[in-house]
Amino acid sequence: MSARRTRAATGPRPAVASLRDRPSCDVLIIGGGVNGVATFRDLALQGVDVTLIDRGDLAAATSAASSRMIHGGLRYLENGEFRLVREAVAERNDLLATAPHHVRPLPTTVPIRTTWAGLAGAPRRFLTGHGPARRAPRGVALIELGLRLYDSYSRAGRAADGTGVPRHRLAGREQTRRELPDLHPATRWTATYYDACVRAPERLVLEMALDALAANPRARVATYAAAVGVDGEGVAVEDLLTGVRVPVAARVVVNATGPWVDLTQETLGERTAWLGGTKGSHLVLDNPALLAACAGREIFFENEDGRIVLVYPQHGRVIVGTSDLPADPREPARCTEEEVDYFLDLVAHVFPDIPVGRADIVFRYAGIRPLPRADASTPGEIPRDYRLEDGTLPGTEVPLVTIVGGKWTTMRALGERAADRVLGLLGETRRVSTRGLPIGGGAGFPVDDARDGWIDEHLPGVPLDRARTLLDRYGTRAVEVAAAESVPGGMWARLWGADPGARLADAPDVTRGEIAWIARHERVARLTDVLLRRTTLAFEGRVTEALLDDLADVVGEELGWTRRRRRAEVDAVRAILRETHGVEVARGRAGAGPRRSR
């Protein structure tokens with residue numbers, strides 16, 4: 001995503017000034033999505049002098065546009081991707097243990113209407129990864145076989161500390177009606193198995209980067225800094241907020257730009273055709289009846305056209321997705337009106353008695369999956385695995401490692417493999433493993449029945465409801481946030497709304513001190529970073545003009561923004577919400593809330 005310049009070139013920002021002052025490193029990673037950051041974290045923990053740059057914020061594009069699932073890939077078994085499934089279930093279990101503040105178990109229910117459907121074409125698809133373009137929905141017999149195999153992989157991938165998931169279970173018509181009474185009456189069985197979800201994917205990526213920076217003083221991150229070409233023996237990096245350009249020399253360069261891998265190669269001077277990604281879109285609905293109907297589960301099913309669809313709750317809203325359409329990475333990924341119609345029809349296909357319409361949409365988003373180019377009859381048959389391509393930076397002898405493919409769940413394993421490739425090129429050896437290593441606020445995170453005891457010990461004096469909220473958002477880093485919002489402000493601070501404990505306009509569960517702490521400690525460069533990735537305010541559809549003004553004042557105060565800069569940031573947020581996420585925030589309607597999609 002390109003960044004709009006908000007001020008003249010008055011000199012580099014601190015992150016870019018660091019590159020200017022020390023314009024060399026052992027490894028330069030281009031791309032701050034989940035796979036680039038996982039590689040960055042792994043290398044930083046090995047003591048490598050590593051720098052990461054991204055033309056936007058961390059996890060601002062594909063990594064933020066996922067279905068928010070951490071899963072082994074049940075349907076990948078049918079395509080014969082056994083290695084990927086085995087690795088993914090192991091990584092899922094590892095994340096349940098290392099990032100429990102963001103990654104939670106997710107019961108997933110498959111509604112089933114037939115018995116034997118899909119069995120005839122399954123052997124061909126299972127053995128070759130290809131099948132008929134049109135096929136009947138999977139019946140209970142095929143789903144049961146797949147889930148038994150999936151259970152076996154899940155047991156093999158159990159985390160070292162015993163974290164795992166229960167076995168699947170089948171329910172007949174009567175039990176299904178008791179548990180999920182709003183499902184379509186044609187549902188004859190349901191199969192429920194467990195995977196996991198990531199409730200704040202952008203924060204998880206951020207915390208990995210912060211862990212890396214804390215562990216290695218030579219590690220550096222520069223956001224809104226784009227690779228714009230080759231300069232001598234290095235890469236020319238441009239600060240997209242100020243226009244400052246800096247050449248950065250490295251012993252190894254890693255291209256981790258996801259679906260834009262080929263475009264990055266072209267920018268660096270080489271034409272490749274490794275990627276063949278597809279677009280995935282999602283809606284976020286504010287519909288209490290639909291939320292209640294999900295009963296805390298993901299509803300995961302196959303539509304009549306063979307596409308996989310999901311409906312599941314997060315943050316008091318319901319996510320509906322996902323499409324799987326051919327995409328051009330040169331064009332912005334947008335959720336189209338045709339996709340909106342498709343999703344709303346799908347909800348009616350599963351929950352026919354629950355009215356759902358455009359007025360319920362509070363947010364929409366789309367991203368491009370970084371899938372390898374493949375000869376497949378349907379997008380669902382494109383392999384989801386990843387690989388590393390070796391080359392050299394055009395015009396130099398600098399090794400260039402390119403990551404092709406990759407998915408959220410396997411990011412740690414991919415980062416480890418990429419780091420090992422880079423370590424080999426540097427002639428260095430691995431010091432530590434990232435397996436089982438806690439991420440950010442997941443370190444020391446209390447299990448469910450111990451949370452209130454942890455709060456009593458670590459957050460004394462903080463009201464219980466507020467302490468639970470902070471622990472849920474930040475994990476054990478809640479201690480730092482609570483300290484930031486409890487600094488006494490005095491009578492005049494409270495009177496003028498500057499008290500760190502004061503709640504934001506139209507967001508009473510968020511304080512000024514909390515936002516100030518985010519701006520101070522979490523690599524914020526734009527107001528969109530706070531609204532879209534450090535918090536879930538936009539995702540939940542809670543953006544108002546008054547809230548934008550409050551956020552701009554707090555963040556601007558911390559980052560030294562002028563009034564003009566604050567206004568520009570608010571205008572940029574409004575434009576991004578309208579153009580990318582289908583949300584219109586009207587001017588001068590403080591407290592009125594966003595206009596929803598029609």
Side-chain angles (χ1 to χ4, degrees), residues 99-104 198-204 206-207 210 286 291 296 313-317 438-522 524 529-544 546-555 557-558 591 593:
H101 57 318
H102 293 318
V103 180
R104 308 282 174 84
V198 54
R199 301 174 67 253
E202 303 92 340
R203 290 201 59 82
L204 184 56
L206 169 72
E207 290 180 30
L210 294 177
D286 182 5
L291 180 68
Q314 267 207 12
H315 301 292
R317 306 292 184 260
I439 298 172
F445 190 78
V447 296
D448 288 345
D449 57 0
R451 289 185 184 179
D452 285 354
W454 186 94
I455 287 171
D456 288 342
E457 180 180 355
H458 296 277
L459 297 173
V462 179
L464 182 58
D465 285 348
R466 181 62 183 165
R468 286 173 174 169
T469 295
L470 294 179
L471 182 62
D472 186 63
R473 287 178 185 164
Y474 304 101
T476 53
R477 297 175 77 216
V479 174
E480 301 172 37
V481 184
E485 64 182 20
S486 65
V487 177
M491 181 184 68
W492 290 109
R494 289 192 295 273
L495 181 63
W496 292 103
D499 184 75
R503 307 303 175 100
L504 296 187
D506 299 330
D509 58 332
V510 180
T511 67
R512 295 179 66 90
E514 180 180 356
I515 297 301
W517 180 86
I518 287 173
R520 194 179 311 133
H521 297 288
E522 296 199 329
V524 170
D529 301 343
V530 175
L531 195 73
L532 290 170
R533 289 172 288 277
R534 306 300 185 269
T535 71
T536 59
L537 291 167
F539 177 90
E540 295 174 31
R542 297 204 281 157
V543 183
T544 67
L547 176 61
L548 287 180
D549 288 342
D550 257 8
L551 289 171
D553 284 344
V554 177
V555 176
E557 185 68 26
E558 285 296 323

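Index from 1, following the sequence.
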Checklist entry - Nearest heavy-atom pair of Ala484 and Trp517: which atoms, and what distance? => result CB-CB, 3.8 Å
Item to check | Heavy-atom side-chain contact between Asp529 and Ile518 under 4.5 Å | outcome: no
Next on the checklist: Quick check: do Thr535 and Val510 have side-chain heavy atoms less than 4.5 Å from each other?
Outcome noted: no
Next on the checklist: Taking Asp553 first and then Arg512, would you say they form a salt bridge - that is, a charged N and a carboxylate O separated by under 4.0 Å?
Outcome noted: no
Item to check | Nearest heavy atoms of Glu207 and Gly441, plus distance in Å | outcome: OE1-N, 2.9 Å
Checklist entry - So, the side chain of Glu540 versus the backbone of Gly316: is there a donor-acceptor pair under 3.5 Å, distance only? => result no
Checklist outcome for this item: Heavy-atom nearest pair, His315 first then Arg199, reads NE2-O, 2.7 Å
Next on the checklist: Does any part of the side chain of Arg203, heavy atoms only, come nearer than 4.5 Å to the side chain of Arg534, both counted from C-beta?
Outcome noted: yes
Next on the checklist: Could you report the tightest heavy-atom contact between Ala99 and Leu204, atom names first, then the distance?
Outcome noted: CB-CD1, 3.7 Å
Item to check | Minimum heavy-atom distance between Gly440 and His101, given as atom pair plus value | outcome: C-NE2, 4.4 Å
Item to check | Under 3.5 Å donor-acceptor, Thr511 side chain and Arg503 backbone | outcome: no
Checklist entry - Quick one: does Val530's side chain get under 4.5 Å of Glu522's, heavy atoms only? => result no
Next on the checklist: We want to know whether Glu480 and Tyr474 form a side-chain donor-acceptor pair, criterion being a heavy-atom distance below 3.5 angstrom.
Outcome noted: no
